[in-house]
Amino acid sequence: MRKRKVNPHLENLRVIDAGSKGKAVAKAPDGRVVFISGAVPGDLVSVQTTRKRKGYFEGYVTELHEASPDRVTPECIHFGTCGGCKWQNMSYQAQLKFKQQEVTENLRRIGKLELPDIDPILPAPEQFYYRNKMEFSFSNNRWLQKSELEANELIESRNGLGLHIPGMWDKVLDLTECHLMADPVDQIRLSIRDFAEHHGMSFFDPRKQEGLLRTLMIRNTSAGDLMVVLQYFEDDPDARELLLNHLKESFPKISSLYYTINQKKNDTLYDQDLVLFYGNAGINETMEGLQFHITPKSFYQTNSRQAYALYKKVREFAELQGTELVYDLYTGLGTIAQFIAPGAGRVVGIEAIPEAVEAARENAALNGIPNVSFYSGDMKDLFSREFLSENGIPEVLITDPPRDGMHKDVIERILECAPSRIVYVSCNSATQARDLALMKEAYEVVRVQPVDMFPQTHHVENIVLLRRRNNP
C-alpha cells in the first residue's frame, strides 16, 4: 500500500498581499508562494496546505496569531463556508485598495501596456444588500456543517437551497441568511425550502439527474418590483402549481412569477421556454429618466445604483459631440446604448440573445429614443464587413463583453473599422488586458477607471478609454 502524502503545515506566515479569486498571499520558508483561504493581508497565520506544486502551495488558516489592521468581523454566519463573499473579513477601504491594485497589475503584466495615471476606484455607496439578482440551487445532498458532523446524530433531511460550495458543482450550502440582496429574498427562499420539505417535494440530485426542484432566481428593482423564476427538473403539474400558488398567496409583492421545466444537463435558462404563471412579463428599472423593462433572460448590471455611476463614466469617456455613429457591442438590454443616445448621432447595438434584443427595442420605443437600432446574432459572425457596410463605420465603439473577453475575430474587425475612440468595459481585467494587448499597436490607453460593483468580493469592473494612434 502506497503511503499517503502528508501536506506540510506552515507556521507563522506573514500575509503580504491579496491574490486572485479572493485568496491571500504569503511566502513559505522555502520561498514558494502560498495562496491562503480565509486570510487578510497583514495577518500572521499558520496554514495547513492542501496542494503542493513546483512553484506554490495552496492552503487555509488553522490559527490566527496576529490580526491585520484591515481585518474586520464578517457580517454573515456563513462566511468561510459560502463562497459568495470571500472578503467580508477585510475592511472596505482595503478591498478597494486591492481591487485597484489588481486592475493595475493585470493591465501592466498581462497587457504590457503603457498606462496613464489610473483614476481612483469608484467605491460602491452600499457595501451590503446591493445586488438586484441572485440564483440559488436546490440539492438533496446539501453540504453538512462541521457541527452537524461532530454531533454524530441521525440527519433526517439532506435537502438544501442555497449557493454552491466553491469548486464543488454538486454541493450546495443551505443558506439561513444572505447579505447580498435585501429582503424579502431571504424570506422567499426559506419559505420555498420549508414548504417544499413539508409537502415532500424532491430536491434535485445533479449526479443522478433526478428530482423536482432545480433552481431559484430572484430579481428586484430600485422601485420595488420583484421577479421570481422557479426551475423544475421533473414535470409534476400538481406539485408545481401547489408551490407557485403558495408563492403567489404568501408574497403579494411578487410582480412577476415564472417557471420552466429544464431537463438538460446544465442549469442555464437562455435556451429554455419560460412560462409566466402570474403577474407581469417583466420588472422595471429606471435610470436618469429612462425606463428599462427587465425580463428573466435579460442581462442588467447586478448593482443597479452603481450601474448608474458606471454608465456615467462610459458616457464621459465616449466624449460624444452629438453627431457620431456609435457601436455598442454586447449591448444586452441596450442600457448603455440608450443612456448615451441623446449625445450621439446614431447608436447600433449588437447582442447574442434574441430576447434581450427584443426587450432593447421595446425599451427604446418606451423611452422615445429614435436613434438606436439593435441586432441579434453571435458577435464574431454578425459583426462582419457586410454588417459594417450596411450600418456604417463607427466613430466611437463601446464594448462590454462577458468575463471571457472578446473573440479574436471581433478584435480583428474592430481594428479594421478603426473607430477613433473605444470604450472597453470589463468585469475581468485579465481578459481585458489580453484583448488590449492585441490593439496596442493601433490604440493608446488614455484613461482607466476601476469601479467597485461587488463589495465583499474580489470582483471589480474596469473601464478603459482607447484613442487611435495618429488620429487625424
Side-chain angles (χ1 to χ4, degrees), residues 17-25 40-42 68-72 74-76 79 82-108 110 115-134 178-182 220 222 285 287-288 299-317 332 335-336 339 398 400-403 405 423-433 436 445 447-465:
D17 204 352
S20 63
K21 299 181 180 179
K23 295 189 176 181
V25 178
V40 173
S68 165
D70 293 322
R71 178 175 279 273
V72 298
E75 292 282 333
C76 185
F79 179 78
C82 173
C85 299
K86 293 182 179 178
W87 278 5
Q88 256 196 53
N89 58 351
M90 189 190 302
S91 72
Y92 188 55
Q93 286 305 311
Q95 292 179 34
L96 294 175
K97 180 182 77 171
F98 289 114
K99 290 182 183 191
Q100 176 114 10
Q101 176 180 297
E102 177 185 296
V103 167
T104 305
E105 289 181 352
N106 281 341
L107 295 181
R108 284 182 175 149
I110 299 173
L115 298 176
D117 290 337
I118 295 178
D119 292 356
I121 188 169
L122 288 181
E126 299 157 325
Q127 281 82 65
F128 293 97
Y129 304 114
Y130 58 83
R131 288 187 67 96
N132 58 37
K133 175 186 175 184
M134 288 200 70
C178 180
H179 295 258
L180 287 177
M181 197 171 179
N220 64 19
S222 54
E285 187 60 85
M287 185 183 294
E288 209 173 80
F299 170 78
Y300 193 84
Q301 289 284 353
T302 51
N303 185 337
S304 299
R305 192 171 174 186
Q306 193 69 333
Y308 181 40
L310 178 81
Y311 294 160
K312 284 193 291 185
K313 277 295 177 182
V314 170
R315 183 171 61 189
E316 177 187 328
F317 277 26
T335 45
I336 290 178
F339 193 76
I398 298 168
D400 186 4
R403 289 192 63 79
V423 182
Y424 189 149
V425 184
S426 175
C427 60
N428 184 346
S429 59
T431 55
Q432 183 185 44
L436 295 177
V445 176
R447 288 189 67 182
V448 179
Q449 175 66 75
V451 181
D452 185 24
M453 304 286 286
F454 315 106
Q456 315 308 328
T457 79
H458 59 283
H459 300 293
V460 57
E461 203 90 4
N462 191 46
I463 314 168
V464 173
L465 170 60

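What's counted below: heavy atoms across the whole structure, side chains too, no hydrogens, waters or symmetry copies.
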Open item on the list: Walk me through whether Q95 and Q456 qualify under side chain to side chain donor-acceptor pair (under 3.5 Å).
Closed with: CA-CA 7 Å; Q95 292 179 34; Q456 315 308 328; 3.1 Å; yes
- [ ] Please report the closest heavy-atom contact between P455 and A124, naming both atoms and the distance.
- [x] CG-CB, 3.5 Å
TODO: Sorted by first residue and then second, give each salt bridge (charged side-chain N to carboxylate O under 4.0 Å, His left out) pair with at least one member in residues 448-457; sequence neighbours left out.
DONE: K99-D452
TODO: State, with a plain yes or no, whether a side-chain heavy atom of P41 is found less than 4.5 Å away from one of M90.
DONE: yes
TODO: Measure the spacing between CG of L310 and CG of D400 and express it to the nearest 0.5 Å.
DONE: 7.0 Å
- [ ] Please report the closest heavy-atom contact between S429 and E102, naming both atoms and the distance.
- [x] OG-OE2, 3.9 Å
Task: Check: V425 main-chain N/O paired with E461 side-chain donor or acceptor under 3.5 Å - done: no
- [ ] Indicate the atoms forming the closest heavy-atom contact of A18 with Q101, along with that distance.
- [x] O-NE2, 4.5 Å
Task: Nearest-0.5 Å distance, CG of residue D17 to NZ of residue K23 - done: 15.0 Å
- [ ] Taking the side chain as every heavy atom from C-beta outward, state whether M453 and H459 have any pair of such atoms under 4.5 Å apart.
- [x] no
- [ ] Using modelled atom types only, decide if a donor and an acceptor are shared between the side chain of Q127 and the backbone of Y92 within a distance under 3.5 Å.
- [x] no
Open item on the list: Any heavy-atom pair between the side chains of Y130 and L180 that's under 4.5 Å?
Closed with: yes
- [ ] On the 0 to 90° scale, with breaks at 30° and 60°, tag the F339-Y308 ring pair as parallel, tilted or perpendicular.
- [x] perpendicular
Task: Under-4.0 Å salt bridge between R315 and E288 - done: yes
- [ ] Measure across C85 and T457 and return the closest heavy-atom pair with its distance rounded to 0.1 Å.
- [x] CA-CG2, 4.5 Å
- [ ] Keeping the roles fixed (side chain from E126, backbone from R131), state whether a donor-acceptor pair exists under 3.5 Å.
- [x] no
Task: Pairwise side-chain contact, Q306 with L122, heavy-atom cut-off 4.5 Å (strictly under) - done: yes
- [ ] Just jot down the side-chain hydrogen bond (donor to acceptor under 3.5 Å, both in side chains) partners of Q432, sequence neighbours excluded, or say none.
- [x] N462
Task: Point-to-point distance, once rounded to the nearest 0.5 Å, from CD1 of I118 to OG1 of T104 - done: 3.5 Å
Open item on the list: Distance check, rounded to the nearest 0.5 Å: I110 atom CD1 versus T431 atom OG1?
Closed with: 8.5 Å
Open item on the list: One pair to check against side chain to side chain contact (heavy atoms under 4.5 Å, CB included): H179 and F79. What are the steps and the verdict?
Closed with: CA-CA 10 Å; H179 295 258; F79 179 78; over 6 Å; no
Task: Pair R447 + E316, salt bridge at N-O below 4.0 Å - done: yes
- [ ] Measure up the F98 and W87 rings against each other and bin them: parallel (under 30°), tilted (30 to 60°), perpendicular (over 60°).
- [x] perpendicular
- [ ] Check the side chains of E285 and N132 for a donor-acceptor pair under 3.5 angstrom, ignoring hydrogens and angles.
- [x] no
- [ ] For the residue pair T302 and F454, establish whether any side-chain heavy-atom pair is separated by less than 4.5 Å.
- [x] yes
TODO: For residues A94 and D70, report the shortest heavy-atom separation together with the two atoms involved.
DONE: CB-CG, 3.7 Å
- [ ] Identify the two heavy atoms, one from I121 and one from V451, that lie closest to each other, and give their separation to 0.1 Å.
- [x] CG1-N, 4.0 Å
Open item on the list: Nearest 0.5 Å, please: how far is CZ in F317 from CD in Q449?
Closed with: 5.5 Å
Open item on the list: How long is the straight-line distance from CE of M134 back to CE of M181, given to the nearest 0.5 Å?
Closed with: 8.0 Å
